[in-house]
Amino acid sequence: MFALCDVNSFYASCETVFRPDLKGKPVVVLSNNDGCVISRSAEAKAFVVMGEPYFRQKEAFRRHGVTAFSSNYELYADMSDRVMTTLEEMSPCVEIYSIDEAFCDLSGVRNCKDLTEFGKEIRSTVLKRTHLTVGVGIAQTKTLAKLANHAAKKWQRQTGGVVDLSNVDRQRRLLAVVPVEDVWGVGRRISRKLNAMGIKTALDLSEQSTWVIRKHFNVVLERTVRELRGEPCFELDEFAPEKQEIVCSRSFGDRVTEYEQMRQAICYYAARAAEKLRGEHQHCRFISAFVKTSPFSLNEPYYGNSASVKLLTPTQDSRDIINAASKCLSRIWKEGHRYQKAGVMLGDFFSQGVAQLDLFDENAPRKNSGLLMDILDQLNAKSGKGTLYFAGQGIKPQWQMKREMLSPRYTTRYCDLLLVR
DNA sequence: TCTGGGGTCCTAGGACCC
DNA sequence: TCTGGGGTCCTAGGACCC
């Protein structure tokens, strides 16, 4: 048995925890650069469109008294930790699936407790400790647990925010009313195709023959069908697998038109990516950089391109990674465009000591590289990000993002006491 | 004027091997 | 006239997730 626990309107709720005056009022959180709406409080759902740009909804926000926040990921990550710690205390095995969701293994719990009761305990404990509300969906497969969670949120008042789907009749009744596009693993493209085939509800999908689904779609959807029937295909992954790639990219607050500005931005992303890489205790061989103009602007030609290099010897040294990324940039830069976004990607990872040195590599490994990087990371960890940085990043970046409605650092600076007890 | 960021998995096709 | 069979590895692209 699995329980899927997720926080209601996570980002928006994190903001209202520290602004009790906004409880019960429409609140939204915006993506970087205050671009799109990425989280809405229950009260905001009626007149705010998820994923739509802020500038198009500004007027409606004003009319309905919606409070908007720039995203404050430091705060959300910290609140997420508190929620996950609580879940880990209450359940023997937890898979943290995203910043606001976790699957809990309930196979043992089942023998000694009523599952719905247990779900309610989780809810009240998380609420008490963090002032955040979670929905709990319980079932014998992950896909069904997701669906149960969906129901717990949709009919929160009737269900008390907890739905146990172990009963087969109950399962069928729910599947029959859930549109197929709300099933975990069924996105826009696939639901359109399914609808055209007359498959409209989750129940319809669960009744398809697996080989028909495999023929018209793929094994991924076949697994979803099996899971909907109660046959588990996905296990609980308690330990996060090692990363396969690291991406660092950002849209610019203002369009970038000058090479020097872009070079600084790429240098910054490369340095951040290298830092993340060392955080994973990995070395990489693949480095790429990309730039692009806005895909939305109609009166200028679109340009987007990327270039990559494959090193002979894996590295974790920021200097190597910055070097490689800068070289990539020089290959794809085109004068005369108004660039909206750029980024750096790392891949082809090797663990420490596993890499084979190359006899013909002209760039011999740098002396004391590991030691230097350790000191760099330690300093930045202790004294705050950006204490020590590379000259290539520039001193006064003009390309930084806009966050005009940012909330204070409630939990990571001076207000920690609020939540301690 | 203004539209996010970071991931995973699967498949098909090409290059190459014997 | 007629040109095999079985495999691996890599990459790009498409789908999905939050």
Side-chain angles (χ1 to χ4, degrees), chain A residues 4-7 9-11 28-39 49-59 61 68-73 76-77 80 95-103 142-143 146 149-150 180-194 213-224 233-234 237 240-255 269 272-273 276-277 279-280 285-286 288 290 292-300 302 306 308 310 338 340-349 401-405:
Chain A
L4 176 70
C5 311
D6 85 333
V7 181
S9 310
F10 181 54
Y11 295 168
V28 301
V29 172
L30 307 174
S31 61
N32 280 341
N33 287 307
D34 302 334
C36 298
V37 172
I38 52 170
S39 180
V49 188
M50 187 74 157
E52 273 280 300
Y54 172 54
F55 73 89
R56 275 202 207 138
Q57 307 193 65
K58 228 180 214 164
E59 187 46 35
F61 284 16
F69 288 93
S70 303
S71 33
N72 184 344
Y73 291 107
Y76 313 147
S80 174
E95 172 188 341
I96 298 172
Y97 179 66
S98 76
I99 192 157
D100 75 328
E101 298 176 58
F103 287 100
K142 282 181 160 181
T143 306
K146 271 277 205 186
N149 179 282
H150 180 78
V180 77
E181 58 264 32
D182 289 344
V183 173
W184 189 42
V186 178
R188 257 219 309 277
R189 292 298 264 273
I190 287 178
S191 63
R192 211 186 307 148
K193 193 165 159 191
L194 285 170
I213 292 297
R214 192 164 193 156
K215 209 175 74 185
H216 292 292
F217 300 89
N218 52 42
V219 276
V220 184
L221 194 63
E222 180 189 338
R223 282 183 203 134
T224 301
C233 299
F234 305 118
D237 297 314
E242 286 181 349
K243 276 198 197 309
Q244 297 174 40
E245 57 181 36
I246 287 172
V247 179
C248 219
S249 75
R250 207 79 39 182
S251 300
F252 303 122
D254 293 307
R255 299 282 185 267
Y269 302 142
R272 272 292 297 146
K276 287 192 202 171
L277 181 71
E280 298 285 318
R285 243 173 47 139
F286 174 87
S288 88
F290 71 85
K292 54 192 249 176
T293 62
S294 168
F296 301 105
S297 101
L298 300 167
N299 38 20
E300 49 188 319
Y302 176 78
S306 73
S308 64
K310 200 116 189 182
R338 296 170 65 241
Q340 176 243 4
K341 186 175 181 173
V344 167
M345 190 162 132
L346 309 180
D348 201 7
F349 293 162
M401 49 178 195
K402 286 200 174 86
R403 291 158 103 192
E404 282 165 358
M405 293 155 280

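Worth saying up front: this structure is predicted, and the values here are computed from it rather than measured. A, B, ... follow the sequence lines: proteins, then strands. Residue 1 opens every chain.
Contact annotation for Glu245(A): base contact, defined as any heavy-atom pair under 4.0 Å involving a base atom. Note on Ile190(A): only backbone sugar-phosphate atoms sit closer than 4.0 angstrom, heavy atoms only; bases stay farther off. Backbone-only contact: Lys146(A) has heavy atoms under 4.0 Å from sugar-phosphate atoms and none from a base. Residue-level contact check: Lys341(A) touches the backbone only, with heavy atoms under 4.0 Å from sugar-phosphate atoms and none from bases. Using a 4.0 Å heavy-atom cutoff across all strands shown, Arg188(A) reaches sugar-phosphate atoms only and no base atom. Residue Asp100(A) is classed as a sugar-phosphate contact, given heavy-atom separations below 4.0 Å to backbone atoms only. At the heavy-atom level, Lys243(A) lies under 4.0 Å from the strands shown only through sugar-phosphate atoms. Note on Ile246(A): only backbone sugar-phosphate atoms sit closer than 4.0 angstrom, heavy atoms only; bases stay farther off. Residue Arg214(A) is classed as having no contact, given no heavy-atom separation below 4.0 Å to the nucleic acid.
Residues Glu300(A) and Arg255(A) are not paired through a salt bridge, judged by the lack of any N-O separation under 4.0 Å between the basic side chain and the carboxylate.
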Decide ring-ring contact (aromatic ring centres under 6.0 Å, His included) for Phe69(A) and Tyr11(A); before the verdict, give the C-alpha distance in whole Å, the side-chain angles of both, and the deciding distance to 0.1 Å. CA-CA 9 Å; Phe69(A) 288 93; Tyr11(A) 295 168; over 10 Å; no

task = Go through Asn72(A) and Ser70(A) one step at a time and tell me if the side chain to side chain donor-acceptor pair (under 3.5 Å) criterion holds.
result = CA-CA 6 Å; Asn72(A) 184 344; Ser70(A) 303; over 6 Å; no

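Residue Lys276(A) places its side chain closer to dG6(B) than to any other of dG6(B), dT11(C), dT3(B). With dT3(B), dC17(C), dT8(B) as the choices, the nucleotide that has an atom nearest any side-chain atom of Arg56(A) turns out to be dT3(B). Side-chain proximity of Trp184(A) to the nucleotides dC2(B), dC17(C), dT11(C) is greatest for dC17(C). If you check dT3(B), dC10(B), dG6(B) against the side chain of Val247(A), the one that comes closest is dG6(B). Checked against dC17(C), dG6(B), dG5(B), the side chain of Cys248(A) finds its nearest nucleotide in dG6(B). Side-chain proximity of Gln244(A) to dC18(C), dC10(B), dC9(B): nearest is dC9(B). When distances run from any side-chain atom of Asn218(A) to the nucleotides dC2(B), dT11(B), dC18(C), the shortest one goes to dT11(B).
Atoms CZ (Phe296(A)) and P (dC2(B)) sit 11 Å apart, rounded to a whole Å. Rounded to an integer number of Å, the gap from OH of Tyr54(A) to P of dT1(B) is 17 Å. Atom CG of Asp254(A) and atom P of dT1(B) are 14 Å apart (whole Å). Remark: P of dG5(B) and CZ of Arg272(A) are 14 Å apart, rounded to the nearest angstrom. Following rounding to the nearest Å, Arg189(A) (CZ) and dT11(B) (C1') show an atom-to-atom distance of 15 Å. Rounded to whole Å, the distance from CG on Leu4(A) to C1' on dC18(C) is 12 Å. The separation between Asp237(A) atom CG and dC18(C) atom P is 16 Å, rounded to whole Å. Per the geometry, CD belonging to Gln57(A) stands 19 Å off P belonging to dT1(B), to the nearest Å.
Here Gln340(A) reaches the OP1 or OP2 of dG4(B): one of its side-chain N or O atoms lies under 4.0 Å away. OP1 or OP2 of dT3(B) has not a single side-chain nitrogen or oxygen of Ser31(A) nearer than 4.0 Å. Between Arg338(A) and dT1(B) there is no side-chain N or O to OP1 or OP2 distance below 4.0 Å. Contact between the side-chain N/O atoms of Arg403(A) and the OP1/OP2 oxygens of dG4(B) is not found at any separation under 4.0 Å. Regarding contacts with the backbone of dC2(B), every side-chain N or O of Ser294(A) stays at 4.0 angstrom or more from both OP1 and OP2. Contact check, Arg255(A) against dT1(B): no side-chain N or O comes under 4.0 Å of OP1 or OP2.
Atom CD of Glu59(A) sits in a crowded spot, with more than 12 heavy atoms from other residues, nucleotides or ligands closer than 6.0 Å.
Note on ring orientation: taking the six-membered ring where Trp is involved, the planes of Tyr54(A) and Phe61(A) are tilted (angle from 30° to 60°). In this structure, Tyr269(A) and Phe252(A) have parallel ring planes: the angle between them is below the 30° cut-off, well short of the 60° mark.
With both pairing distances under 3.5 Å, dG7(B) is matched to dC16(C) as a Watson-Crick or G-U wobble pair.
Closest heavy-atom contact between Leu30(A) and Met405(A): CD1-CE, 3.6 Å.
Of the residues near DNA chain B, Pro241(A) and Phe55(A), the one whose nearest nucleotide (by heavy atom distance) lies more toward the 5' end is Phe55(A).
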